Colleague: 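Next up is a structure, given as structure tokens.
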Protein chains: 2
Amino acid sequence: MNKSNLKLIAVLERTGGFASAQELHQILRREGDGIGLTTVYRALQTLVDDKIVDLLRREDGEAIYRLCGDTHHHHLVCKGCGNTVEIEGGAVEKWAKVIAEEYGFRDVGHTAEIFGLCEKC
Amino acid sequence: MNKSNLKLIAVLERTGGFASAQELHQILRREGDGIGLTTVYRALQTLVDDKIVDLLRREDGEAIYRLCGDTHHHHLVCKGCGNTVEIEGGAVEKWAKVIAEEYGFRDVGHTAEIFGLCEKC
DNA sequence: ATGGAAATGATAATCATTTCCATTTTGTGA
DNA sequence: TCACAAAATGGAAATGATTATCATTTCCAT
């Protein structure tokens, strides 16, 4: 684990919730860290590969990142305010497993997100 | 409803499933239609506004479009060869609906994909 | 201390999408 | 049919996120 990765993890811990690469870069810069945008992207990518952070998309397609919790979960995201709730996905886990078996797939993972408008928006 | 909008609808009907703006533009061009990329984007935007077309996102953030009312389905993707199977997701539809209600969300959609290695890979 | 691998960051390239603007088409009233 | 305003169109340039390049710096084991 290199220095940049740790920095990004620290910021994500501090801010909580989702942030884009550009935002994370700005935050670090504002705090006096001279880290380059390239390095931010690189660190985020390896953290995603290592399943340390989650990658989602904003409505406009911009990538946003957040620390994974230790349990596998899914997200309920508000399209209006961006607020996010972690949810249980028991039904989805089962569904993915059944389908994968049906088609003879192994080593399977899955993604599932729900998005809509929350009560306030 | 103007001419470009109708053209886009026609292509989406013909191709079925998802396509990006760039792909739709190429298809039309290949067929001899001199439609401009700008017009394709404009038409897709108004079709989305009018809820005639759905807008989703690829993994890489690129916008993809499909006619509303196409049966909603999900994908089983092989990480090895990239082969893709369209699958039914009844369990997922139900799950998304229940969760959304539980948290008071409205106007909800969802994404769900399964990925793994197929028999050959 | 030293050599090689990994990490870094500035810059340039890429690619989807938007904006701008000049031109063409369309619809409508006289 | 004609003239003219409004809408539609499309090429070019702008934008903004992300990725590739590459020279330089930092690490680390020897």
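Every chain is numbered from 1, with letters handed out A, B, ... down the list of sequences. These numbers come from a predicted model, not from an experiment.
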Colleague: With a 4.0 Å heavy-atom cut-off, tell me which residues in residues 50-61 of chain B come close to DNA chain C, sorted by residue number.
Modeller: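 Those residues whose heavy atoms fall under 4.0 Å from DNA chain C, taken from residues 50-61 of chain B, amount to none.
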Colleague: Would you kindly compare A/I64 and A/R42 by the position of their nearest DNA chain D nucleotide and give the one closer to the 5′ end?
Modeller: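 In this pair, the answer is A/I64.
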Colleague: What is the nucleic acid contact for B/E23, judged by heavy atoms within less than 4.0 Å: base, sugar-phosphate only, or nothing?
Modeller: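 Nothing, no nucleic acid heavy atom in range.
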Colleague: Which is the 5'-most and which the 3'-most nucleotide of DNA chain C that has an atom under 4.0 Å from a heavy atom of chain A?
Modeller: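 Range of nucleotides touched by chain A: C/dA7 to C/dT11.
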Colleague: Please round to the nearest 0.5 Å and tell me the distance separating atom CG of B/L24 and atom OH of B/Y41.
Modeller: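 Result: 10.0 Å between the selected atoms.
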Colleague: Quick check: on DNA chain C, is the nucleotide nearest A/T39 upstream (toward 5') of the one nearest B/A21, or the reverse? Name the residue that is more 5'.
Modeller: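 By nearest-heavy-atom nucleotide position, the 5'-most residue is A/T39.
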Colleague: Please determine, for D/dT30, whether a Watson-Crick or G-U wobble partner exists with both distances under 3.5 Å, and give it or none.
Modeller: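 Across all strands, the one nucleotide that pairs with D/dT30 is C/dA1.
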Colleague: Taking A/E23 as the fixed residue, which of A/R58, A/R29, A/R66 is the one that meets the salt bridge (Lys or Arg N to Asp or Glu O under 4.0 Å) rule?
Modeller: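 When A/R58, A/R29, A/R66 are each tested with A/E23, the salt bridge (Lys or Arg N to Asp or Glu O under 4.0 Å) holds only for A/R58.
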Colleague: Under the side-chain contact (heavy atoms from CB on, under 4.5 Å) criterion, do A/E93 and A/H74 qualify, and how do the steps go?
Modeller: CA-CA 10 Å; A/E93 316 300 324; A/H74 301 280; 3.0 Å; yes
Colleague: Should A/Q45 be listed as having a side-chain N or O under 4.0 Å from OP1 or OP2 of D/dT18?
Modeller: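 Answer no for this pair, as no side-chain N or O of A/Q45 is under 4.0 Å from OP1 or OP2.
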Colleague: Taking only Lys NZ, Arg NE, NH1 and NH2, and the carboxylate oxygens of Asp or Glu, determine whether B/R14 and B/E31 approach each other closer than 4.0 Å.
Modeller: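 Salt bridge: yes.
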Colleague: Supply the atom-to-atom distance A/D33 CG to A/K3 NZ, rounded to the nearest 0.5 angstrom.
Modeller: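 Interatomic distance, A/D33 CG to A/K3 NZ, rounded to 0.5 Å: 10.0 Å.
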Colleague: If you apply the rule side-chain contact (heavy atoms from CB on, under 4.5 Å), what do you find for A/W95 with B/I87, and how did you get there?
Modeller: CA-CA 11 Å; A/W95 169 75; B/I87 50 180; 3.9 Å; yes
Colleague: Should D/dA6 form a Watson-Crick or G-U wobble pair with both distances under 3.5 Å, which nucleotide is its partner?
Modeller: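 Base partner found: C/dT25.
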Colleague: Once you apply a heavy-atom cut-off of 4.0 Å, does B/L37 come out as touching a base, just sugar-phosphate, or nothing?
Modeller: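 Answer is base: heavy atoms of B/L37 come under 4.0 Å of a base.
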Colleague: Quick one: label B/S20 by what it contacts on the DNA or RNA (base, sugar-phosphate, nothing), any heavy atom closer than 4.0 Å.
Modeller: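 Result for B/S20 = nothing.
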Colleague: Taking a pair as Watson-Crick or G-U wobble with both distances under 3.5 Å, which nucleotide is matched to C/dC15?
Modeller: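 For C/dC15, the partner nucleotide comes out as D/dG16, under the 3.5 Å rule.
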Colleague: Using a 3.5 Å cut-off and no angle test, enumerate the donor-acceptor pairs between side-chain atoms of residues 42-54 of chain A and protein atoms at least two apart in sequence or in another chain.
Modeller:
from: A/T46; atom 1: OG1; to: A/N5; atom 2: ND2; distance (Å): 3.1
from: A/T46; atom 1: OG1; to: A/A43; atom 2: O; distance (Å): 2.9

Colleague: Give, for atom NZ of B/K7 and atom CD1 of B/I35, the distance between the pair rounded to the nearest 0.5 Å.
Modeller: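 The distance works out to 5.0 Å.
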Colleague: Are any of B/N2's side-chain N or O atoms less than 4.0 Å away from OP1 or OP2 of D/dT9?
Modeller: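 Looking at the OP1 and OP2 atoms of D/dT9, one of them is under 4.0 Å from a side-chain N or O of B/N2.
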